[in-house]
Asker: 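My questions all concern the structure below.
Please read these numbers as outputs of a predicted model, since none were measured by experiment. The sequence lines fix the lettering, A, B, ..., with proteins before strands; numbering per chain opens at 1.
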Amino acid sequence: MSFGDWITEAQNIVFLVFAIAMLFASVVVVTSRNVVHAALMLVVALGGSAALFLMLGAEFVAWVVVLVYIGAVVVLFLFGIMITRAPTGRDTARLDHERRWPALLIAVATFATIATTTTLAFEDTEVAGEVVRTAQIGDLLFNRFVIPFEAVSFVLLAALIGGIVLARKDADE
Amino acid sequence: MIVNQFLILAAAMFSIGIYGVLVRRNAVLVLLSVELMLTAVNINLVAFGALIQDKLASGQVFALFVITVAAAEVGIGLAIVVLIFRNRSSANIDELDLMKW
């Protein structure tokens, strides 16, 4: 499929807009000199991924991303930035390492490897984006996937207790 | 929509996340980059789930599990960063050389 054929589909234009916004936001997250801007640009990247999930028919996952990631995790990050008093000014030297080129080389090599190996098998395979209803997801989670579901809830409980234990101050010290 | 467009976007986001993990010094910013990588993985899972259209919707269910584990990881990770900051009054990763031989 040539690019001219690909871009005539309305869905693909929407995809292209979201993809460019997400990539721009991701680059800002890893290069920004302002820590708060990096955290806020993560919101754009995650919101774009939620939009892609909606395009693929994964409605429940999309709204879970909005609620859990944008609603909770980013707020947690902002609190972490505030508590650790990360330099919010324009002080690049303290936020990044000096050696950027090896990291850039590794990132480009990773992109080339992953992109070629994953896309080789599906040349022009269409993906339909049929809607999976939330009722179906809930049914699956509480029947077929109930043991992994309980295990993951145990992981969350352990993380909760661990977070409290790590962050509190001991009384006798 | 072809499936390759999602795969290439996810690969690009993953490698941007790798760049961030390698180049950032502040621990909170490293965790932000890890979130980018997890988002890329989620895009791949949901795209493959929409491609194979299985009855169990396993791509979406696995994406939900990844989101849950990522939330736990951020909670613990930030607690550790806050603890390190309290003990050493710095959240820079390259100053944490206690276990370096």
Asker: In terms of heavy-atom pairs under 4.5 Å, which option from B:G20, B:A79, B:S15 contacts chain A the most?
Answerer: B:S15
Asker: Let me know if B:L31 has heavy atoms under 4.5 Å from chain A in its side chain, its backbone, both or neither.
Answerer: both
Asker: Using a 4.5 Å cut-off on heavy atoms from C-beta on, say whether the side chain of B:I67 contacts that of A:V61.
Answerer: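 Heavy-atom side-chain distance check passes, below 4.5 Å.
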Asker: So for A:M22, is it side chain, backbone, both, or neither that comes closer than 4.5 Å to the heavy atoms of chain B?
Answerer: side chain
Asker: Checking A:I137 against chain B: side chain, backbone, both or neither under 4.5 Å from a heavy atom?
Answerer: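 A:I137 touches chain B through side-chain heavy atoms alone.
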Asker: Looking at B:E35, B:M13, B:Q5, which makes the most heavy-atom pairs under 4.5 Å with chain A?
Answerer: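 Of the options given, most contacts go to B:Q5.
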Asker: At what distance, to the nearest 0.5 angstrom, does CZ of B:R24 lie from OG of A:S32?
Answerer: 6.5 Å
Asker: Look at the side-chain heavy atoms of Ile, Leu, Val, Met, Phe, Trp and Tyr, link any pair under 4.5 Å apart, and say whether A:V65 and A:L67 land in one connected group.
Answerer: no
Asker: May I ask you to check whether A:F122 and B:F48 place their ring centres under 6.0 Å from each other?
Answerer: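 Here the rings of A:F122 and B:F48 have centres that are less than 6.0 Å from each other.
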Asker: Heavy-atom pairs under 4.5 Å with chain B are the metric here; pick the option from A:I114, A:V74, A:I164 that has the most.
Answerer: A:I114
Asker: Please tabulate, one pair per line, all N/O donor-acceptor pairs under 3.5 Å involving side-chain atoms of residues 139-152 of chain A, not counting sequence neighbours.
Answerer:
unit_1: A:D139; atom_1: OD1; unit_2: A:N143; atom_2: ND2; d: 3.0
unit_1: A:N143; atom_1: ND2; unit_2: A:D139; atom_2: O; d: 3.1

Asker: Got a sec: does the CZ of B:R86 have more than 12 other heavy atoms crowding it under 6.0 Å?
Answerer: yes
Asker: Is B:E73 in contact with chain A via its backbone, its side chain, both, or neither, using a 4.5 Å heavy-atom distance?
Answerer: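 Neither; nothing under 4.5 Å.
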Asker: Could you tell me which of A:V73, A:L16, A:T113 has the largest number of non-hydrogen atom pairs under 4.5 Å with chain B?
Answerer: A:V73
Asker: Are A:V17 and A:L54 connected in a single hydrophobic cluster, I mean Ile/Leu/Val/Met/Phe/Trp/Tyr linked by side-chain heavy atoms less than 4.5 Å apart?
Answerer: no
Asker: Among the clusters formed by ILVMFWY side chains lying less than 4.5 Å apart, do B:V69 and B:V34 turn up in the same one?
Answerer: yes
Asker: In this structure, would B:F65 and A:F154 fall into the same cluster of hydrophobic residues linked by side-chain contacts under 4.5 Å?
Answerer: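 Not linked; separate clusters.
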Asker: Check this for me: A:F15, atom CZ, are more than 12 non-hydrogen atoms of other residues, nucleotides or ligands nearer than 6.0 Å?
Answerer: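 Count over threshold, so yes.
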Asker: For chain A, find which of B:I52, B:L36, B:I8, B:V82 contributes the most heavy-atom pairs closer than 4.5 angstrom.
Answerer: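 Most heavy-atom pairs within the cutoff with chain A belong to B:L36.
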Asker: Among B:I18, B:I80, B:V46, B:I84, which has the most heavy-atom pairs under 4.5 Å with chain A?
Answerer: B:V46
Asker: For residues A:L46 and B:T39, determine if any side-chain heavy atom of one lies less than 4.5 Å from a side-chain heavy atom of the other.
Answerer: yes
Asker: Apply ring pair (Phe, Tyr, Trp, His ring centres under 6.0 Å) to residues A:F111 and B:F14 and explain how you reach the verdict.
Answerer: CA-CA 8 Å; A:F111 172 71; B:F14 191 85; over 10 Å; no
Asker: In Å, rounded to the nearest 0.5 Å, how long is the span from CG of B:L78 to CD1 of A:I83?
Answerer: 8.5 Å
Asker: Do A:F53 and B:N42 touch side chain to side chain, with heavy atoms closer than 4.5 Å?
Answerer: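 Sidechains of B:N42 and A:F53: in contact.
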Asker: Nearest heavy-atom pair of B:Q60 and A:G57: which atoms, and what distance?
Answerer: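 So the two residues come closest at NE2-O, 4.2 Å.
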Asker: Return the CD1 to CD distance between B:I2 and A:E9, rounded to the nearest 0.5 Å.
Answerer: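 Spacing of CD1 (B:I2) from CD (A:E9) equals 9.0 Å.
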Asker: Out of B:L83, B:L29, B:V3, B:V81, return the one with the most heavy atom pairs under 4.5 angstrom to chain A.
Answerer: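 Top count of heavy-atom pairs under 4.5 Å with chain A: B:V3.
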Asker: Pick one of side chain, backbone, both or neither for B:L32, based on which atoms fall under 4.5 Å of a heavy atom in chain A.
Answerer: both
Asker: Looking at A:T119, A:L105, A:T116, A:V132, which has the largest count of heavy-atom pairs under 4.5 Å with chain B?
Answerer: A:T119
Asker: To the nearest 0.5 angstrom, please state how far the CD1 atom of A:I81 sits from the CG atom of B:N26.
Answerer: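 The CD1 atom of A:I81 sits 8.0 Å away from the CG atom of B:N26.
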Asker: If Ile, Leu, Val, Met, Phe, Trp and Tyr residues are connected whenever their side-chain heavy atoms lie under 4.5 Å apart, and connections chain through other members, are A:V131 and A:L56 in the same group?
Answerer: no
Asker: Residues two or more places apart in sequence or in another chain: which of them pass side-chain contact (heavy atoms from CB on, under 4.5 Å) with B:A10?
Answerer: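 In terms of side-chain contact (heavy atoms from CB on, under 4.5 Å), with neighbours along the sequence ignored, B:A10 is linked to B:A40, B:I43, B:N44.
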Asker: Which atoms of A:V68 come close to chain B, meaning under 4.5 Å heavy atom to heavy atom: side chain ones, backbone ones, both, or neither?
Answerer: side chain
Asker: Select, from B:L56, B:V21, B:L9, the one with the greatest count of heavy-atom pairs under 4.5 Å involving chain A.
Answerer: B:L56
Asker: Would you mind checking which part of A:Y69 comes under 4.5 Å of any heavy atom in chain B, side chain (CB onward), backbone (N, CA, C, O), both or neither?
Answerer: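 A:Y69 touches chain B through side-chain heavy atoms alone.
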Asker: Do B:I16 and A:V27 touch side chain to side chain, with heavy atoms closer than 4.5 Å?
Answerer: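 A side-chain contact exists here, since the closest heavy-atom pair is under 4.5 Å.
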Asker: What part of A:L42 lies closer than 4.5 angstrom to a heavy atom of chain B: side chain, backbone, both or neither?
Answerer: side chain
Asker: Which atoms of B:I76 come close to chain A, meaning under 4.5 Å heavy atom to heavy atom: side chain ones, backbone ones, both, or neither?
Answerer: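 It is both, since atoms from each part get that close.
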